[in-house]
Amino acid sequence: MLRRNRWTAALLAMAFGLPVGCAPRVEKRFERHVRYLADDAREGRGVGSRGLELSADYIAREFKRAGLMPAGDQGTYFQAFPMTLHRELTDEARLSLGAAAGPLALGADFTPLSFSSNEAFSGEVVFAGYGIVSEDPKWDDFAHVDLKGKVALMLTGEPAGWADKDGFPTRHSLLQHKVYNAKDRGAAAIVFVDPASTNGPDRLPRFDADSPDDYGLPAFQATRAVAERVLAAGGAAALPSLEADLAAGRMASKALAGVTADGAAGFVRRESPTWNVCGMIDGEGPLSNEWIVLGAHYDHLGIRKPMGRKFKGGKAVADDEPPQIHNGADDNASGVAGLIEVARMFQRDARPRRSVMFVAFSAEESGLHGSKFFVANSPIPVDRIVGMLNMDMIGRLNPDTRELTVFGVGCGEGFGEILRWASAGLNLKLLTTDDPGGRSDHAAFVAKKVPSLHLYTGSHTDYHRPSDDTHLVNFAGGAEVTRLVYGIARELADREARLEFVEVKSSEEQRGMTGFRVVMGLTPNYTDTSQPGMGVDGVSPEGPAQLAGMQAGDRILSIGGKMVNNVYDYMASTRNNKAGDVVEVVVIRGGERKVLSVTLAGAR
Ligand SMILES: [Zn+2]
C-alpha cells in the first residue's frame, strides 16, 4: 500500500482541476528556462563553450531561487570534472621507416591517424596486404606472416571487385577492422598506404582533432611515394604489382627484410573543465540519510555541421551544410526546465523524509560523462540513493495523443503502481517500458543498481538537428510532465520502504547491435510498443523509404519476411544486407496493409 501523505491535498486539487501552485506560472517559468538555455547566445551549449558556462550559472541561480542548498565542490553548486576536448599534433609526431625511406616530414610524407594511440613504438616492418580476414570470400592477409612486435604496412581499401555493383565498399575496408585485426596478432603499430589504383593525387588524410576514438594502437598513414621506397628496400614488388596479385586472390604479405620502423603519434590532449550543477534539499527525520536523485543534462551539441543523412535519388550522399548552432530546446533545455520546476514544487510543500539531490549533468551528448563522473565521485553515498528520475527530452508532448514514454518501469519493484497513482488526475497517457535503456544519464545509476526512470516525450525528425528549437516546445506539456515527476519523486522520498532494484535484460544488449551497413532513411518511433510493429515518425526526403512510398505514421510489421516489433528488430532485420538489396517491407497505414519494395542505401 502506498503512503499518501502531506501532499494528498495537492493531488486532490489536481484531480478536481484546480491548478497546484498556480499552474500557468509553472508553464511560464518552464518557457523562460527553455528560452534562456536554447537561445542562440548559449551557442548550443557545447562542452567548453561560453554558452555552456552561462547555462551552468543560470541553473545555479535558479536552484538558489528555488531554495536548494549547494551540493557541489567546496560549498558551491558546481561539481567540476575535466573533459578531453580535442587532440593537437605536436612536433613530437615522428615516423621513421628506415634509411631507404629517408627522413619523413609530418604532413608531407606521413600523418598520425585520428584514432591512433599515442605511445612510442619500434619494430621490423611487415607488408600485410589489405589487413583483411574474411570468411566469405575466404581471405587472410595474415596467414603467412608473423606480426608479433612488428609494424604492419597495410593498404587501405579492399581488393578490386569486392565492392558491390553501386561501388559501395564492404565492411572489410573499414580501417577500424584492419586495426583490430593487426592488434589481435600482436602488431606494435600500423602504417597505412592508399593503393596505387586510388584515383587522385598521393595525399594524406586530415588528422581529425575532434575524433574521440582511440583504437589502442599507434596508426599512421604514409604517402605512396614513401611506401614504394620501403617496399623496394625490403625486397617486395611495387604497389601496382602487389595489388594485381591481391586482386587475383594471391596473398602478397611479406616480411620486409632489414627494414625497421619507429615513431610516435605525438599529439597532446587538450582538456577543458566542465561542471555538473548540483543542489539539494535535506530530508527530515530518520530517513534523511537516504537520497532521491533528479537529473537532466544541460549540455547539447554546440556549433557543428548538422548530422543526419541526406539522400539523393535513393542513395546516401555526403552533405555539405555549414556548421550551425544546435539549440537543443527539447534535447535537453526542456528537461532542465523540468528539473528546476520540480525543485520549486518540493519547496512549496513540507520537507521530504528522504533528502533530494538535483543534478544538471554536463557532457551527456559525448557519452554520459557528467552522470558517470557523478556516480564515481558522488557527494552522497551511492548505496543510499534509492531512486533516480531522469528527464531527457520532455518538451514535445503531442497535444492530441498526450503520450509520455517512461523507460525503466521494470527496474524498480513498485514503479508501476507509483506511476499509476502519480499520474492520476494528470492529462498524460503513459507508455511504459520495463527496460531503462542506455541512452541517457540514468544509465550510470542503473549500473549502480539504483531503480531509475527516464521520462521522454518521444523522438522527432528535429532530433540532434539545428531545427530542435524553442518554438516547437510544448511548454504546458512540459509543465504537466514536471507535475508527474514531482509526484513520483515525492512518493519515492516519503514512502516507508525503498524500492527493490530489478535487473532488466536490455533488448539492445541481447542482440549485440553494432553499426549500420545499410540505411532506409527513416526515423523510427522508439517508444510506442502498444501495438504490433514499429512506428515510423519520419522519412528522409529522397531516402530509400520515401522513394518506396513509405510515410510518417506508417507502422512497419516486417522487413524481408522478419517480424519487426521495435527498433532493435528493425536494425537487426537488414544486418546481412548490402547496399542495393531490395527488401519487402510490410506496413500498416490507416488500418490497411501495404507491401513496399525498399532499395537499401549504403550507410556513409
Ligand atoms: Zn539528450
Side-chain angles (χ1 to χ4, degrees), residues 94-113 116 121-134 137-147 149-163 167 169-170 172-175 177-179 181-182 185 187-205 217-263:
R94 60 189 172 79
L95 178 66
S96 160
L97 287 167
L104 304 181
L106 172 65
D109 300 310
F110 77 93
T111 179
L113 294 170
S116 176
F121 67 89
S122 68
E124 294 162 26
V125 180
V126 172
F127 177 69
Y130 287 97
I132 290 174
V133 181
S134 157
K138 200 117 191 97
W139 192 278
D140 186 353
D141 278 310
F142 305 103
H144 305 294
V145 289
D146 174 21
L147 271 195
K150 311 278 171 63
V151 175
L153 176 64
M154 297 193 315
L155 294 163
T156 62
E158 58 192 348
W162 279 33
T170 74
H172 298 294
S173 66
L174 295 173
L175 296 187
H177 281 238
K178 300 176 181 225
V179 171
N181 286 343
R185 288 160 181 80
I190 297 177
V191 178
F192 283 107
V193 60
D194 284 337
S197 52
T198 307
N199 295 324
D202 189 9
R203 255 209 310 254
L204 296 167
L217 199 65
F220 293 75
Q221 184 155 338
T223 60
R224 294 198 290 270
V226 168
E228 291 288 20
R229 297 202 291 273
V230 174
L231 289 165
L239 281 174
S241 116
L242 291 170
E243 287 167 46
D245 278 347
L246 288 162
R250 289 188 296 273
M251 294 300 107
S253 302
K254 173 182 173 29
L256 301 182
V259 181
T260 58
D262 67 78

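- Although no hydrogens or angles enter the test, the distance criterion places a donor-acceptor pair under 3.5 Å between the side chain of Arg229 and the main chain of Ala101.
- Taking the side chain as every heavy atom from C-beta outward, Ser173 and Thr156 never approach each other to under 4.5 Å.
- Here the straight-line distance linking atom CZ of Arg224 with atom CG of Leu204 works out to 10.0 Å at 0.5 Å rounding.
- Trp162 and Trp139 have perpendicular rings, their planes meeting at more than 60° on a 0 to 90° scale where under 30° would count as parallel.
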> Passes side-chain contact (heavy atoms from CB on, under 4.5 Å), Phe121 versus Leu95? Steps please.
Replying inline: CA-CA 10 Å; Phe121 67 89; Leu95 178 66; 3.9 Å; yes
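- Between the side chain of Ser116 and the backbone N or O of Ala219 there is at least one donor-acceptor pair closer than 3.5 Å.
- Expressed to the nearest 0.5 Å, how far CG of Leu106 lies from OG1 of Thr111 amounts to 6.0 Å.
- For the side chain to side chain contact (heavy atoms under 4.5 Å, CB included) with Val179, the lone residue among Leu174, Leu217, Leu113 that qualifies is Leu217.
- For residues 251-262, every residue pair satisfying the side-chain hydrogen bond (donor to acceptor under 3.5 Å, both in side chains) rule, not counting sequence neighbours, is listed here: Arg94-Asp262.
- Put simply, CG on Leu246 and CE on Met251 are 6.0 Å apart, with the number rounded to the nearest 0.5 Å.
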> Does the side-chain contact (heavy atoms from CB on, under 4.5 Å) test come out yes or no for His177 and Val133, once each step is laid out?
Replying inline: CA-CA 9 Å; His177 281 238; Val133 181; over 6 Å; no
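- Of the possible polar contacts, one joining the Glu228 side chain to the Leu239 backbone as a donor-acceptor pair under 3.5 Å is found.
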> Given Glu124 and Leu256, is the side-chain contact (heavy atoms from CB on, under 4.5 Å) satisfied, shown in steps?
Replying inline: CA-CA 8 Å; Glu124 294 162 26; Leu256 301 182; over 6 Å; no
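- Of the possible donor and acceptor atoms, one in the side chain of Glu243 sits under 3.5 Å from a partner among the backbone N and O of Ala196.
- Counting heavy atoms from C-beta on, the side chains of Val226 and Phe110 never come closer than 4.5 Å.
- Between the side chain of Asp141 and the backbone N or O of Ile132 there is at least one donor-acceptor pair closer than 3.5 Å.
- What you find for Leu153 and Leu231 is that their closest heavy atoms are CD2-CD2, 4.0 Å.
- In this structure, the side chain of Asp202 does not engage the main chain of Thr223 through any donor-acceptor pair within 3.5 Å.
- Proximity of Val145 to Phe127: side-chain heavy atoms (C-beta onward) are nowhere separated by under 4.5 Å.
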>> Please evaluate residues Val151 and Ile190 with respect to the criterion side-chain contact (heavy atoms from CB on, under 4.5 Å), reporting the C-alpha separation (whole Å), side-chain torsions for both, the decisive distance (0.1 Å), and the verdict.
In response: CA-CA 6 Å; Val151 175; Ile190 297 177; over 6 Å; no
